[in-house]
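Scroll down for the structure; my scribbles are underneath it.
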Number of protein chains: 2
Amino acid sequence: MSFARFKREAAISRQDICREMLASHRAAIKIQKEEVAIRNLERIYDATLRVSNQKGFQAMTMRDLSRASGLSMGALYDHLASKEELLEMIQSTGRRLTSRILKESYASVEDPGGKLAAAIRTHLYLSEAMQPWFFFSYMEARHLGDKEKQLAKQSEQRTERVFAGIIRQGNKQGAFNEADPNLTAAVIKAMVQDWYLKRWKYAKRRISVDRYADFVIKATLGCCAGINGAGKEAGA
Amino acid sequence: MSFARFKREAAISRQDICREMLASHRAAIKIQKEEVAIRNLERIYDATLRVSNQKGFQAMTMRDLSRASGLSMGALYDHLASKEELLEMIQSTGRRLTSRILKESYASVEDPGGKLAAAIRTHLYLSEAMQPWFFFSYMEARHLGDKEKQLAKQSEQRTERVFAGIIRQGNKQGAFNEADPNLTAAVIKAMVQDWYLKRWKYAKRRISVDRYADFVIKATLGCCAGINGAGKEAGA
DNA sequence: GTCTATAGTGCGATAGAC
DNA sequence: GTCTATCGCACTATAGAC
């Protein structure tokens with residue numbers, strides 16, 4: 001698996017995201033024609049992430065958003081109930097979409113080394129394909145209401161449990177020999193997050209997501225390696 | 001070196017920070033008596049980090065800060081020129097203090113393994129001792145003006161260059177055998193940052209900074225290890 | 001479905017009493 | 001040195017013309 005292929009196969013274009021957003025927030029959106037609504041939601045989605053990721057969601061005014069999206073204040077408010085709901089709309093839709101993709105992606109791999117490699121690779125590829133959303137989601141999580149904030153935390157902890165679970169399974173099968181699966185899972189998560197939080201840095205150094213994935217996987221398997229080794233990744 | 005000892009020896013109490021803050025922003029602070037100014041600055045510093053780290057600096061109003069610090073709006077503005085300057089005051093003072101501590105801390109260690117271990121350990125201990133500031137600094141960096149933003153980025157990159165430099169030196173001396181010092185330095189930085197960005201998580205799991213430091217150092221030296229090994233840490 | 005114009009709110013900051 | 005009271009402004013959100 002390479003990033004180029006992942007991106008072709010995963011249905012996570014901006015249009016896919018906004019179709020999902022419309023469907024799950026139909027009542028709050030006044031525009032009736034689906035085609036028009038999705039087209040404008042794409043502009044709003046795009047502009048929100050662009051402006052917010054530069055100066056923060058709180059600092060972005062609705063006038064900023066109007067200017068950046070090319071829609072008037074009035075038209076903007078025909079596509080969303082409030083600024084607060086816009087945040088919730090983007091967060092919940094992204095969370096639903098990403099968790100679906102992740103679940104489907106590495107369930108089929110059997111051997112622990114390959115499974116761990118596939119999990120890391122998929123997380124990195126997904127965060128690369130949806131980098132603006134991942135960055136936004138990380139930085140703006142604390143501006144959500146209590147209920148939404150809880151969901152965001154859960155979603156993050158689930159990722160870590162996936163890594164820890166694979167490592168524990170590998171220990172049991174003798175493929176790994178890792179004394180602290182939880183702490184190892186935590187630092188894997190930290191390395192994955194660094195990819196989308198500091199993307200400008202890696203871009204400047206011309207490091208591709210494929211190369212970063214190779215590096216993280218090699219380092220991780222090196223740490224976990226048991227007597228039988230665990231250097232092999234899942235095929236093709 | 002343990003965290004308990006580090007904290008005793010480093011002069012980075014809240015009072016130390018606020019004394020430095022007063023000295024470097026004397027003109028902007030109307031209060032004349034140094035003792036009074038520092039005492040109130042401590043309450044302001046504390047309240048700003050507490051409220052901002054929960055809801056974000058932009059979302060914190062000066063009325064929030066007045067309530068949380070126990071000072072009236074008027075008194076507040078006798079200790080700072082504007083909300084924007086409060087942000088700059090906290091950031092620049094913290095940056096000056098932390099970079100001074102870091103420079104002093106691991107210069108004396110000679111062997112590459114011990115030097116890398118000392119650098120990682122010191123970064124973790126410092127970020128633990130000043131966790132609210134590190135978190136604040138990371139999350140609010142993008143609300144700074146262009147000039148200040150540049151300084152914050154520089155300060156972060158310097159850290160990474162320290163790690164990379166030690167690894168390269170170790171390679172040259174044959175103690176390490178690491179093909180990619182820059183990428184290794186980047187993921188060390190990511191693991192160190194995770195400590196202060198996700199401290200609630202580690203606190204819940206009852207993982208101490210000493211244990212986290214041991215884990216990160218062991219993992220890192222394991223990856224870098226050359227023929228001669230590099231598992232030894234700097235003494236005492 | 002999209003626009004312009006504006007109502008109403010809550011902000012950062014200050015003046016002046018004590 | 002600290003307080004209360006208030007100014008002017010920029011924001012979110014909406015009403016109503018087209």
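Here is how names work: the chains are called A, B, and so on, in the same order as the sequence lines, proteins then strands, and each is numbered from 1.
Contacts between residues 34-53 of chain A and DNA chain C, defined by a heavy-atom separation below 4.0 Å, involve A:V36, A:N40, listed by number.
Taking atom CD on A:E85 and atom P on D:dT14, their separation rounds to 12 Å, with Å as the unit. Separating the CG atom of B:L71 from the P atom of D:dC3 is a distance of 6 Å, rounded to the nearest angstrom. A:D64 places its CG atom 7 Å from the P atom of D:dC11, with the value rounded to the nearest Å. If you take CD1 of B:I29 and C1' of D:dG1, they are 14 Å apart, rounded to a whole angstrom.
For A:Q157, there are no side chain to side chain donor-acceptor pair (under 3.5 Å) partners, not counting sequence neighbours. Listed by chain and residue number, A:Y202, A:Y212 satisfy the ring pair (Phe, Tyr, Trp, His ring centres under 6.0 Å) test with A:W195 (two or more places apart in sequence, or in another chain). For A:Q15, the side-chain contact (heavy atoms from CB on, under 4.5 Å) test picks out A:S13, A:R19, A:I38, A:E42, with sequence neighbours left out.
Sequence neighbours left out, the pairs with a member in residues 50-60 of chain A that pass side-chain hydrogen bond (donor to acceptor under 3.5 Å, both in side chains) are A:K55-A:D64. Residue pairs meeting the side-chain hydrogen bond (donor to acceptor under 3.5 Å, both in side chains) criterion with at least one member in residues 89-99 of chain B, sequence neighbours excluded: B:E20-B:R96, B:E88-B:S92, B:Q91-B:S137, B:R95-B:E148. The salt bridge (Lys or Arg N to Asp or Glu O under 4.0 Å) pairs that include a residue from residues 133-144 of chain B are A:E140-B:R142, A:R142-B:E140, where partners are two or more places apart or lie in different chains.
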N/O donor to acceptor pairs below 3.5 angstrom from side-chain atoms of residues 181-189 of chain B, sequence neighbours left out:
residue, atom, partner, partner atom, Å
B:N182, OD1, B:R168, NH1, 3.4
B:T184, OG1, B:E178, OE2, 3.1
B:T184, OG1, B:D180, O, 2.8

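Counting heavy atoms from C-beta on, the side chains of B:F6 and B:T122 come closer than 4.5 Å.
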Exercise. Which letters describe nucleotides 4-18 of chain C, given B = protein heavy atom under 4.0 Å from base, S = only from sugar-phosphate, - = neither?
Worked result: B------BBBB----
